[in-house]
Amino acid sequence: MSSIFALLDCNNFYVSCERLFNPRLEGRPVVVLSNNDGCIIARSNEAKALGIKMGEPFFKCCGLIAAHQVQVFSSNYPLYGDLSQRVMDVLCQLEPEVEVYSIDEAFVRIPQAKEEALLENGRHLRATVKKQVGIPVSIGFGSTKTLAKIANRIAKKRPEHGGVFALPDQGLDALLATIDVGDVWGIGPRQSQKLFACGIRTALDLKNGNDTWLRKHLTVTGLRTAMELRGISCLPLEDIPPPRKSITSSRSFGQPVTDLAWLREALSSYIAIAAEKLRAEEMKTRCVQVYLTTNRFREGDPQYANSKTVTLPIHTSSTLELIHYGAEALRQLFRPGYAYQKVGVVFMDLVSASHAQGHLFYAPPKGQESLMRAVDKINRRWGRDTLHSAAAGFLRPWKHKQGRKSPSYTTSWNELPVVSAPSIVKTTGRAA
DNA sequence: TCTGGGGTCCTAGGACCC
DNA sequence: TCTGGGGTCCTAGGACCC
């Protein structure tokens, strides 16, 4: 029996998370910034209406933001991650076949049904998430993932549908003719430009494109997208996430760094973050890539960017071992006389911890695994960085900016929201 | 002054093999 | 006059996603 895909997408997710604990933000323009308070990565509808663009550098729209009293927040991933989990939990309780696609999106596979039944189901999901978590979502239905994406877009952009929309069988082409080809999932700016130049301007044009031409100019992924627009499902629901292939950790510095010792500190702390994730997923790595780069936007400055990959004797998940190899790679990469903007680490060649190969002639340092288990346990209980490698430093002058972060309301005991009823209780705590 | 971070997939081209 | 064909594996770079 054929099935239908639904895409559930949280509206302006990070902004909605901020509003949940700060209702005064309702109806006002709000934006959330990327790490290091660099770019705009989430906007309320009011902020979008002001013309603030996604991905725009913060410093470029400061004027607009001040003039309209736009509320600005640093990103608060512990909060967003926790609320995302709650949304997905609700969804999984209501639907058996769910693929969590990103922090704010999930695909659901449901049996084929009449349009009105789909819409009814969607309205129920939407109301339940709103009631139990408080986050507004939009839901779109289509016969493939790509079509569900388009339906979701229509649900979000056209308020008359009340946040839920199902693509009809009749008149689908007329709808696709209203969608820019660049707004189709999988068609990015480069391909969009190429397609436009060749007269393919809408989703309908792409759907009707010539297969040989599409294969040649957009590769198999582009052809797959066209097939999906025709209602031929090429992208299955991945309700069991495939094993992860790499883990990255990197940050831009709050200010340029020239000194190898500071770079090593920063790198060590990023390695610690990535290694913690590695252990949390019960995996090990044998391949560590370190990279560093100067600020490419400062065209007058001398530029340098490079990376080095080292292969370890055997797989490991020990922060200390990984820092050891990472630091050596960094030492080889480092060139004096540059103002560095970022270092980062990538773990590749990941295997499940229980399937890691041993080595006939190499014995890993003893006691690392139990040490790391203890460190993780302490940090889970008392907060990240309660216990960390000395290599990751203490002063951390390189640390990124995060000047406008809201509290971690739902994940830190010290930052719980405080609700007060002034006529009854005089609060002594910090106001929420 | 100030421009994010973390992923995946695909292809072309080189190295190497028989 | 005349220099094969077919295959695998690896990597760097590009494109896309949120």
Side-chain angles (χ1 to χ4, degrees), chain A residues 7-10 12-14 31-42 53-63 65 72-77 80-81 84 99-107 145-146 149 152-153 181-195 214-225 234-235 238 241-256 270 273-274 277-278 281 287 289 291 293-301 305-309 311 339 341-350 400-404:
Chain A
L7 176 67
L8 176 144
D9 187 323
C10 301
N12 312 330
F13 181 52
Y14 298 168
V31 298
V32 175
L33 303 177
S34 63
N35 268 320
N36 219 18
D37 291 349
C39 299
I40 310 285
I41 53 165
K53 297 275 178 297
M54 180 68 175
E56 198 173 6
F58 178 46
F59 74 90
K60 283 191 181 169
C61 48
C62 275
I65 280 172
V72 181
F73 291 87
S74 302
S75 37
N76 182 349
Y77 287 106
Y80 311 151
S84 167
E99 171 189 340
V100 176
Y101 176 69
S102 74
I103 194 165
D104 69 336
E105 281 175 67
F107 286 104
K145 282 182 165 179
T146 305
K149 273 269 184 186
N152 186 286
R153 188 184 165 79
V181 73
D183 291 331
V184 174
W185 188 44
I187 304 298
R190 300 302 280 264
Q191 294 190 332
S192 169
Q193 207 180 358
K194 191 191 288 184
L195 288 169
L214 292 171
R215 173 69 181 79
K216 179 159 179 240
H217 292 95
L218 304 185
T219 80
V220 289
T221 45
L223 180 56
R224 215 145 44 198
T225 298
C234 305
L235 305 167
E238 295 189 346
R244 182 199 286 284
K245 295 181 173 170
S246 68
I247 293 178
T248 304
S249 177
S250 73
R251 302 279 182 281
S252 295
F253 302 130
Q255 49 198 338
Y270 306 154
I273 291 168
K277 198 186 268 183
L278 194 62
E281 306 209 356
C287 189
Q289 181 178 70
Y291 62 91
T293 173
T294 50
N295 187 341
R296 66 184 197 282
F297 293 105
R298 297 183 61 139
E299 288 171 3
D301 287 7
N306 205 351
S307 71
K308 180 155 185 68
T309 307
T311 303
Q341 185 221 5
K342 185 197 252 195
V343 296
V345 65
V346 188
F347 297 158
M348 295 172 294
D349 191 2
L350 307 185
H400 64 272
K401 286 178 286 192
Q402 207 179 29
R404 303 154 181 267

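Every chain is numbered from 1, with letters handed out A, B, ... down the list of sequences. Bear in mind the structure is a predicted one, so any value in this text is a computation, not a measurement.
Backbone-only engagement by A/Gln191 is indicated by non-hydrogen atom pairs under 4.0 Å involving sugar-phosphate atoms exclusively. Counting any heavy atom pair closer than 4.0 Å across all strands shown, A/Ile247 reaches sugar-phosphate atoms only and no base atom. Contact annotation for A/Arg296: no contact, since no heavy-atom pair falls under 4.0 Å across all strands. A/Glu56 comes within 4.0 angstrom of no nucleic acid atom, judged by non-hydrogen atoms across all strands. When heavy atoms are screened at a 4.0 angstrom cut-off, A/Lys216 is found touching no nucleic acid atom at all. Here A/Ser75 lies out of heavy-atom contact (under 4.0 Å) with every strand. Within 4.0 Å of A/Ile187, counting heavy atoms only, lie sugar-phosphate atoms of the nucleic acid but no base atom. Using a 4.0 Å heavy-atom distance criterion, A/Lys194 is classed as making no nucleic acid contact. Here A/Phe297 lies in heavy-atom contact (under 4.0 Å) with a base. A/Asp37 comes within 4.0 angstrom of nothing in the nucleic acid, heavy atoms only.
Comparing the P positions of C/dC18 and B/dC2 gives an interatomic distance of 30 Å, to the nearest angstrom.
Both A/Asn35 and A/Val220 lie close to DNA chain B; mapped to their nearest nucleotides by heavy-atom distance, the more 5′-ward contact belongs to A/Asn35. If you find the closest nucleotide of DNA chain B to A/Gln341 and to A/Pro242, the one lying nearer the 5' end belongs to A/Gln341.
Legend: residues meeting side-chain contact (heavy atoms from CB on, under 4.5 Å) with A/Ser84, ordered by chain and number and at least two apart, are A/Phe13, A/Met88, A/Ile103.
First and last contacts of DNA chain C with chain A, using any nucleotide atom under 4.0 Å from a protein heavy atom and ordered 5' to 3', fall at C/dA15 to C/dC18.
For the pair A/Val31/A/Phe58, no side-chain contact is recorded, criterion being any heavy-atom separation below 4.5 Å from C-beta on. Put simply, the side chain of A/Arg251 reaches to within 4.5 Å of the side chain of A/Ile273, judged on heavy atoms.
Using a cutoff of 4.0 Å between basic side-chain nitrogens and carboxylate oxygens, A/Lys149 and A/Glu105 are scored as salt-bridged.
Judged purely by atom type and a 3.5 angstrom limit, A/Ser75 uses its side chain to pair as donor or acceptor with the backbone of A/Leu33. A donor-acceptor contact shorter than 3.5 Å is absent between the side chain of A/Asp9 and the backbone of A/Asn152.
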(Q) Apply side chain to side chain contact (heavy atoms under 4.5 Å, CB included) to residues A/Thr294 and A/Gln341 and explain how you reach the verdict. (A) CA-CA 5 Å; A/Thr294 50; A/Gln341 185 221 5; 5.7 Å; no

Pair A/Tyr80-A/Val32, side chain to side chain contact (heavy atoms under 4.5 Å, CB included): steps then yes or no: CA-CA 11 Å; A/Tyr80 311 151; A/Val32 175; 3.5 Å; yes

The dot-bracket string of DNA chain B, counting Watson-Crick and G-U wobble pairs with both distances under 3.5 Å, using [ ] for crossing pairs and | for pairs to another strand, is ....||||||||||||||

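The aromatic rings of A/Phe253 and A/Tyr270 lie parallel to each other, their planes meeting at an angle below 30°, with 60° marking the opposite boundary.
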